[in-house]
Amino acid sequence: MNELPQQLVNGLLLGSMYGLVAIGYTMVYGIVQLINFAHGEIFMTGGFGALTVYLYVLPNGTSMWVALPLMLLGAIIVATTVAVGAERFAYRPLRGAPRLAPLITAIGLSLALQQAVWAWYPDAKESINFPQIDGGPFEVGNVTVQTGDIFLLIAAPISMAVLAYFVLKTRTGRGMQATAQDPDTAKLMGVNTDRIIVIAFALGAAFAAIGAVAYGLKYGQVQFRMGFILGLKAFTAAVLGGIGNIYGAMLGGLVLGVAEALSTAYISDIPGMEQFGSQSWANVWAFVLLILVLLFRPQGLLGERVADRA
């Protein structure tokens, strides 16, 4: 029990990262009912965008306190450019096609982005070191927070607050709600639905880029396949919270992160379950949780927010 506060903090940090990426899945699905399985790779390109700024744009020896805002900006620019390009050239031409077509396109785009980053960074086949913030860990009672996690502690709540204000209080945000509810009627009321869809892709990519920088700071490395598993977990978080529900995406991420941290820490203490509490089983428990939620509450924790367009 002495470790419980630490494990809860670890889970909340991990879940915040899942939630940031899950927002992209749930926003795009809520508006165009598309599962963008390339979103994990958009997250990955954001991480490499930040790394590129540090390695090739900033002078050698630049302090991370100066470099971090510029790296974050670079990550957002790269990720949003890739996402908007994907929407314009890969998904928009298939908007009226059977749902299987954009799904296959998303999988192909995912593989293409992986190979493109590998071609640009041949060393990305192995893990590439990500620059770190100087300073030791911070301790509050029995809880230790690593320096790299401070960014996530600050960025996640600010990002959610900005997104909530944007969706609820701005004209564009209300246009997104209208498009999600009924795109045809929204278009008749003067809403530029094509623009709204592009904004949804761009916003989701921006939050994924923030998550990618947090990932690099947390784990100290990036790799061209890092978006695959994390993307699946973020999609799981979106389904857990309720697909199409932006608050549900963050809640689902937090629940998933805490469940993963607690299962890894405590299942090994159960007699006969030692091997199932290892870190290698963390991914398995995440999807076990998804199966349980789908069995007993298929609409997610906060309920879906997707209009019936049948």
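Just so you know, these numbers use all the heavy atoms, side chains as well, and skip hydrogens, waters and symmetry mates. Everything numeric in this text was worked out from a predicted model, so none of it was measured.
Taken together through direct or relayed side-chain contacts under 4.5 Å among Ile, Leu, Val, Met, Phe, Trp and Tyr, V84 and I76 form parts of separate hydrophobic clusters. One hydrophobic cluster, built from ILVMFWY side chains closer than 4.5 Å, cannot hold both F130 and L73; they sit in different ones. Side-chain heavy atoms closer than 4.5 Å link hydrophobic residues (I, L, V, M, F, W, Y) into clusters, and following such links, possibly through other members, connects F224 to W120. Note on L168: it clusters hydrophobically with M160, by side-chain heavy-atom contacts below 4.5 Å among ILVMFWY residues.
Centroid-to-centroid, the aromatic rings of Y215 and Y219 come within less than 6.0 Å. Annotation: F201 is in aromatic contact with Y91 [ring centroid separation under 6.0 Å].
The line from CZ of F151 to CG of L72 is 4.5 Å long, rounded to the nearest 0.5 Å. Between atom CD1 of residue I229 and atom NZ of residue K233 there is a gap of 7.0 Å, rounded to the nearest 0.5 Å. Q146 contributes atom CD, which lies 8.0 Å from atom NZ of K218 (distance to the nearest 0.5 angstrom). Note that OG1 of T144 is 11.5 Å distant from CZ of F138, once rounded to the nearest 0.5 Å.
By the 30° and 60° cut-offs, the orientation of the rings of F48 relative to Y121 is tilted.
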Determine, step by step, whether Y54 and M64 satisfy the side-chain contact (heavy atoms from CB on, under 4.5 Å) criterion, reporting the C-alpha distance in whole Å, the side-chain angles of both residues, the deciding distance to 0.1 Å, and the verdict.
CA-CA 9 Å; Y54 185 81; M64 273 297 290; 4.0 Å; yes
Practice item. Check step by step if side-chain hydrogen bond (donor to acceptor under 3.5 Å, both in side chains) holds for E41 and Q114. Key: CA-CA 7 Å; E41 274 57 52; Q114 286 187 17; 3.1 Å; yes
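Here the rule is ring-ring contact (aromatic ring centres under 6.0 Å, His included) with F235, and of F43, Y18, F287, F37 only F37 fits it. Only one option out of L254, D149, L153 pairs with S16 in a side chain to side chain contact (heavy atoms under 4.5 Å, CB included); it is L254.
The side-chain heavy atoms of L262 and L4, taken from C-beta on, include a pair separated by under 4.5 Å.
Panel note: side chain Q7, backbone P5; no donor-acceptor pair is recorded below 3.5 Å.
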